[in-house]
Amino acid sequence: MTQHAEPAVKTPPASGPDQADGRTAPRTLLVRTLARPEVGVLLGAVAVYVFFLIAAPPVREASSMANILYQSSTLGIVTIPVALLMIGGEFDLSAGVGVITSALTASMLAYQLTLNVWAGVVAALAVSLAIGFFNGWMVVRTGLPSFLVTLGTFLILQGVNLAVTKLVTGNVATDDISNMDGFDQAKKVFASSFDIGGVQVKITIFWWLLFAVIATWVLMRTRYGNWTFAVGGNKDSARAVGVPVAFTKISLFMLVGFGAWFVGMHQLFSFNTVQSGEGVGQELIYISGAVIGGCLLTGGYGTAIGPVFGAFMFGMVQQGIVYAGWNPDWFKAFLGVMLLGAVLINLWVQRTMTRR
């Protein structure tokens, strides 16, 4: 639904019915392929992988790749719904601390009330979805930019995480819940590992890929996917043709809440306890992963597969630097380079698509 202004053109001299200028000539298969949102990041991911294969020999081991995929999955599970939200034309800066909020809720509720940990898990899901609903409702109701709304939510959650944890536990971390009822069953769902060819593979990798497949199907094959692209392209035009703009935007924010909840549960059942001050800065990683994955900052364009490769690039760089024996501070530099490169590629894609 995005409209592009046509350039003013003087009447060209007629040179024959078969003559076409550069603006109307059909694009080649190569150009159409490169214009796909996920192709640029796929090539970038391959380049980064080959680079670290050469620079860091430990990366060639299967166990190292399992660690890289695990690191990527914990980022990618949230990056996917963040990407869907960006396709819908909005941002969420509260996703990082939202992960910690969900973990704190599940841990403290179960421990302090001596409940089965599944009660805490369900309560945490309700809280995470409520945070997403609040963000979406505020954006739709007030018309404020989602950047401002979710920045406010980010600050609220950051303060609440620290203050409530200290008030309830007397510490900045929650108590160990590993001996509580239901812990082992919940760990199997959120934080277990499988032995594949002698290599321990985390279950989050499978969840990550499953969520990517589901999100791709929703975007490409369902009415809800059409609504997502429509509200991100032009919400007024979308509303005019009957798209439920409010429902679509609010539900996209709630999907981000779901992703934050899932990763929060993984962290809780992996480490048995949660540090209340963590999560700050992760929201930028999620957004960067979506941008690197081909989502335009203006909304209305992108895929769910591109952010999978974007998250893989982050995991590859983060772990590759460690395997190469370099200073981990270089990760931020690589992050900046990848982000700027992705923005430039997205700009080229946008100009290519609008060319007549």
Side-chain angles (χ1 to χ4, degrees), residues 36-42 45 69-92 94-96 98-99 102 125 128-129 131-133 135-136 146 189-190 202-233 238 243-245 247-266 282-283 285-297 299-315 342 346 349:
R36 294 287 305 169
E38 65 274 12
V39 172
V41 66
L42 172 60
L69 290 175
Y70 166 62
Q71 185 70 35
S72 303
S73 68
T74 58
L75 299 174
I77 288 174
V78 185
T79 300
I80 290 172
V82 166
L84 298 183
L85 179 64
M86 289 182 64
I87 294 173
E90 305 294 348
F91 294 90
D92 191 342
S94 66
V99 170
S102 68
L125 175 60
S128 295
L129 293 178
I131 292 171
F133 177 86
N135 286 335
S146 54
V189 175
F190 296 105
K202 290 285 190 178
I203 195 174
T204 51
I205 299 174
F206 299 100
W207 284 118
W208 173 40
L209 298 179
L210 176 62
F211 292 154
V213 171
I214 294 174
T216 299
W217 177 78
V218 169
L219 275 181
M220 299 294 107
R221 293 289 183 267
T222 69
R223 181 180 299 178
Y224 183 81
N226 292 333
W227 293 348
T228 301
F229 283 108
V231 299
V243 173
V245 174
F247 167 79
T248 304
K249 286 186 176 289
I250 291 174
S251 61
L252 288 171
F253 276 102
M254 293 178 72
L255 283 177
V256 175
F258 174 84
W261 165 78
F262 199 96
V263 174
M265 295 305 96
H266 167 70
Q282 285 296 105
E283 63 284 339
I285 302 294
Y286 302 142
I287 293 174
S288 298
V291 172
I292 291 174
C295 297
L296 295 181
L297 298 173
Y301 183 79
T303 67
I305 295 298
V308 171
F309 296 126
F312 173 76
M313 288 179 68
F314 278 113
N346 286 348
V349 168

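Because the structure is a prediction, the values reported are computed rather than measured. Just so you know, residue 1 is the first one in the sequence shown, and it goes up from there.
- Within the structure, no pair that satisfies the salt bridge (Lys or Arg N to Asp or Glu O under 4.0 Å) test touches residues 76-86, not counting sequence neighbours.
- The side-chain heavy atoms of L69 and F312, taken from C-beta on, include a pair separated by under 4.5 Å.
- Taken from OG1 in T303 to CD1 in I80, the straight-line distance is 10.0 Å, to the nearest 0.5 Å.
- Annotation: side chain of F309 is not in contact with side chain of I292 (no heavy-atom distance under 4.5 Å).
- Rounding to the nearest 0.5 Å gives a distance of 7.5 Å between CZ of F314 and OG1 of T79.
- When all heavy atoms of F253 and G136 are compared, the closest pair comes out as CD1-CA, 3.3 Å.
- To the nearest 0.5 Å, the span separating CD1 on I203 from CZ on F190 amounts to 9.5 Å.
- Across every non-hydrogen atom of V245 and A238, the tightest pair is CG2-CB, 4.4 Å.
- No side-chain donor-acceptor contact under 3.5 Å links S128 to the backbone of L125.
- The aromatic ring centres of Y70 and W208 sit 6.0 Å or more apart.
- A95 approaches A260 most closely through the heavy-atom pair O-CB, 3.9 Å.
- For the atom pair CE (M86) and CG (L296), the distance works out to 8.5 Å, reported to the nearest 0.5 Å.
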Decide side chain to side chain contact (heavy atoms under 4.5 Å, CB included) for L252 and E90; before the verdict, give the C-alpha distance in whole Å, the side-chain angles of both, and the deciding distance to 0.1 Å.
CA-CA 9 Å; L252 288 171; E90 305 294 348; over 6 Å; no
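- P81 and V256 get closest at one heavy-atom pair: O-CG2, 3.6 Å.
- L75 CG to Q282 CD: the interatomic distance, rounded to the nearest 0.5 Å, is 6.0 Å.
- For W207, the ring pair (Phe, Tyr, Trp, His ring centres under 6.0 Å) partners are F211, F262, not counting sequence neighbours.
- Proximity of a side-chain donor or acceptor of S146 to a complementary backbone N or O of F91 within less than 3.5 Å is detected.
- Here the closest heavy-atom approach between residue T248 and residue Y224 is recorded as O-OH, 3.6 Å.
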Check step by step if side chain to side chain contact (heavy atoms under 4.5 Å, CB included) holds for Y286 and L85.
CA-CA 11 Å; Y286 302 142; L85 179 64; over 6 Å; no
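- Smallest separation of non-hydrogen atoms from D92 and I287: O-CD1, 4.1 Å.
- Atom OG1 in T216 sits 10.5 Å away from atom CZ in R221 (nearest 0.5 Å).
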